[in-house]
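Input: a single structure, listed below in structure tokens.
Everything quoted here is computed from the prediction, not taken from an experiment. The sequence lines fix the lettering, A, B, ..., with proteins before strands; numbering per chain opens at 1.
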Amino acid sequence: MDSKINIIKIRDVIISIGFVLLVIFPAMQSIYPVVPEVENTENRKLADEPVFDINSLDPFPAQYEKYFNDHFSLRNQFIKLKSKLIINALQKSPMPDKVIFGKDGWMFLVKNELAEYRGTNIMKQVDIEKVVKEFLRREAYLNKRNTKLYIAIAPIKYSIYPEFLPSYVDKINRKTRTDLIVKELNDSGLNVLDLRPVLLKKKKNGLLYYKTDNHWNSLGAFYAYNALINRIKLDFPSIPVLSLQDFNIKTDVTNGRNLAKMLNMIDDFTDTEYVFEQKFPSKAIKVKKVGYPVPKSFPYKWEFETEFETGNDTLPNLLFIRDSFGKAIMPYIDQSFNRSVFIFDAWKYRSDENIVENENPDVVVYLILESLWGGVLKGVDMSPVSSFKKNKK
Amino acid sequence: MLFSSPIFLFYFLPIVIIGYYLFRGNWRNVFLFISSLVFFAWGGVSYSILLIGSIVMNYFMGLLVGKNPGTKRSKNMLIIGVSLNLLLLVIFKYANFIIENLNFWLDFLKIPPIENDSIILPVGISFYTFQSLSYLVDIYRKETPMQKNILRLGLYISLFPQLIAGPIVRYIDIAAQLEKREVSIEKFSYGVQRFITGLAKKVLLANSFGYVADNIFTIIPSDLSSMSAWLGVIAYTFQIYFDFSGYSDMAIGLGSIFGFRILENFNFPYISRSIKEFWRRWHISLSTWFRDYLYIPLGGNRLGTRRTYINLIIVFFLTGLWHGASWNFVAWGLLHGFFLVLERLGGDRLLQKLWKPFQHIYTLAVVVFAWVLFRADDFQYAWGYYKAMLGLNDSHSGMYEIAKFMNPEFLVVLIIGTLASVMVFKKLRIYIDGFLSDQHGGRLIAMQSTFTILMILFYFGLFVLCSIYLLSNTYNPFIYYRF
């Protein structure tokens, strides 16, 4: 019986001391790091240490706790550990509200895109009409200035690769919000290019989207460019068009991309990248920004405007209103124009008439990701915009 | 401050434990009292003035009631003390509710409504007010002498382990420990085990169930399929149990670390075979409080059957209201009261004749249906939810809603949660202890050591897992667009 008592005593000592060590370990770690640090990949600003103000005590604890949590010494390591644990033990996404795991290692973005695919985010008819009416107004305004308007719809990954979705992701409505809006836009006579059927047709030629990213890859972007430029060529027959034969295409293996990054796990996944090497040098050169006013809350301010010029003034000028899907199109499409101005206006797709009047484009393109109609609607409410002062180029 | 927050676990707790064991004698009470005030102030600095005010008020009322307990003067003092405590509770917890209801009738009578500047509910007020009431009443009943040391009374009312979510500790149960209590390695180790168990219940089980329940209880009822509705309420049934009993475990565990013995608050309520039994196992400290300080003073069951039923209904009306200032909670309490009266009316005899599984099904059905009232925001939502549960609406929600939640992680949690609710783990522990005590000699030592090592690894592993989950919850990435 004695040994039993001894063992229990030893157990109690170990549990007591061990617990105290466990709760003081993070504080020790922040002074003498034992566990190696891991990079934070949240892509947001971590909370600042609040200033202690005796006259405003009530908000202090909550602010301090935010700061404490964000700067906790083992935080990044723990987050990574949990993701690994869940992926390996349960074979599911560690953050199912942000990223869904599909078949064969395919990842899908939840935000906006899941609801778009399932058809659970139907837009009110009045709002659809509002969007159509605004684009008609924009078209009339541009036509008066001798400018052509094109609206291109970029597909979400769900629309092109539904076969890689987990089987439980079902469609609630057969017609999605994009189906309804595109139909109304088409019926009103606007120049709409729905890239969904285009890419669905081309996907037999190769991978068009990244496995660990919600974006199309350079091949998907090329096919989108190709469809778009051929549509524009109908109105501007002189513009040059690139074909796949103009490129040497190499395949590269990279780390996991943005969806893997959201999970803090880029090193744990790989992705395939097509590297496009043009056989002859592109004439389009990046030129100095004009300095159009950037929306205040836009997190990617440096992306707001990008300009290229080919120096060939027989070609028309382009104003391209885009979101992140437009980025991969830029290196192809800028070669068909004299001056190309790309505007990424915080997913609002506004009609900034000051930019139009300053740039005098011959072609205006809106490239809209099909899950972002909410942003379009907000932009409609804000148009026309900007207090930019005209400055003669 | 929440127990399940990094700042409590890795900042406050180590400082308090180490500080507490560095001090000796009465300084420990002083240190614990100050720590408790800091703990409370973390949830709202200005409301700690309310807590301190309540301590001072109850200290002096206690002296007045306790001067000649049992006399008319003492009774008058008791009435004043109880009224003052209830007044605080009414002002800070029920004022909005009362004004809202008054305005409803004023509007009906075409009288302009009363202005209502929403008062924010101070944390823990329902708990510490009830503790203070028990203190004053116990003195009046001569069950305990008054506390002449304001520090000890302050510590009783504000002791941080049970300050914000119970158990409601009766003064009589802890009075002696405020003056003298032993700390020991056994108590410390037991406290650590209880605390980690409670933390795991909260972080690993309740939060996982809560994720499902929260997601389903935000769906408009008309969009809710019958299966989703059931999944939602079952998840909530588990969530509230593991959340609340986990909190009690943590309180009891922390108490034990500091040498206190806090009474149990839960005793496997979901294995009950009647509503009467349920209330002996669910939030025990609250039901005994209502029994001792309301039901019995009202006459209990000594004034005839009709009065007994009225008393029960009053008790459950107030039990409901205690949980929150909304008619939903009242309805939840009254639903329980209704079935309790039904059982008293002879239902229990009928129930006992039934096959045991039916007794469980009956009890769980009442409890689960009642939780809908507890969780829903208003009656309209609850009604829609009931309709969804009974399949009376044609919903459009598809497979995704179910499949999203019914993943391996949730199934693991569901199985562990079910086993834990029906005492399987507790019985297993008892069985192992029994098995070990039957062994002798070298075999005993070998088995005992193996089991001990496994146990230590289990608790520490559990704690690390909880920390990982807690920290991950603070991870809030923004969508990363590639540039």
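For B/Tyr47, no part lies near chain A; criterion is any non-hydrogen pair under 4.5 Å. Looking at A/Leu85, the atoms closer than 4.5 Å to chain B (heavy atoms on both sides) all sit in the side chain, from C-beta outward. Contacts between B/Tyr190 and chain A at a heavy-atom distance below 4.5 Å are absent for every atom of the residue. Contact annotation for B/Leu13: only side-chain heavy atoms (C-beta onward) come within less than 4.5 Å of a heavy atom of chain A. Neither the backbone nor the side chain of B/Ile453 has a heavy atom closer than 4.5 Å to any heavy atom of chain A. Heavy-atom distances place both the backbone and the side chain of B/Ile7 under 4.5 Å from chain A. When heavy atoms are compared at a cutoff of 4.5 Å, A/Val13 approaches chain B by way of both its backbone and its side chain. Heavy atoms closer than 4.5 Å to chain A are found nowhere in B/Ser184, neither backbone nor side chain. At a 4.5 Å heavy-atom cutoff, B/Ile15 makes no contact with chain A through either its backbone or its side chain.
You'll find the side chain of B/Ile18 reaches within 4.5 Å of the side chain of A/Ile24, heavy atoms only. B/Val464 places none of its side-chain heavy atoms less than 4.5 Å from the side chain of A/Phe25. Inter-residue side-chain proximity for B/Pro6 and A/Phe78 is flagged as unmet; no heavy-atom pair is nearer than 4.5 Å. Residues B/Gln193 and A/Asp12 meet the side-chain proximity criterion, which asks for heavy atoms closer than 4.5 Å.
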Quiz prompt | Evaluation steps, side chain to side chain contact (heavy atoms under 4.5 Å, CB included), between B/Tyr21 and A/Val20 | solution = CA-CA 12 Å; B/Tyr21 279 88; A/Val20 173; over 6 Å; no
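To the nearest 0.5 Å, atom OH of residue B/Tyr459 and atom CD1 of residue A/Ile14 are 15.0 Å apart. Atom NZ of residue A/Lys82 and atom CG of residue B/Leu470 lie 10.0 Å apart, to the nearest 0.5 angstrom.
Residues A/Leu22 and B/Phe10 come closest through the heavy atom pair O-CE2, 3.9 Å. The minimum heavy-atom distance linking A/Ser16 with B/Ser189 is given by the pair OG-N, 3.5 Å. The minimum heavy-atom distance linking B/Phe195 with A/Phe19 is given by the pair CD2-CZ, 3.9 Å. Closest of all the heavy-atom pairs between A/Ile7 and B/Ile445 is CD1-O, 4.0 Å.
Counting non-hydrogen atoms of neighbouring residues, nucleotides and ligands closer than 6.0 angstrom, the CE atom of B/Met455 exceeds 12 such neighbours. Atom OH of B/Tyr11 has 12 or fewer heavy atoms from other residues, nucleotides or ligands within 6.0 Å. At most 12 non-hydrogen atoms from other residues, nucleotides or ligands lie less than 6.0 angstrom from NZ of A/Lys286. More than 12 heavy atoms of other residues, nucleotides or ligands sit less than 6.0 Å from atom NZ of A/Lys301.
Interface check for chain A: of the options B/Ser5, B/Ser449, B/Ser467, the most heavy-atom pairs under 4.5 Å are formed by B/Ser467.
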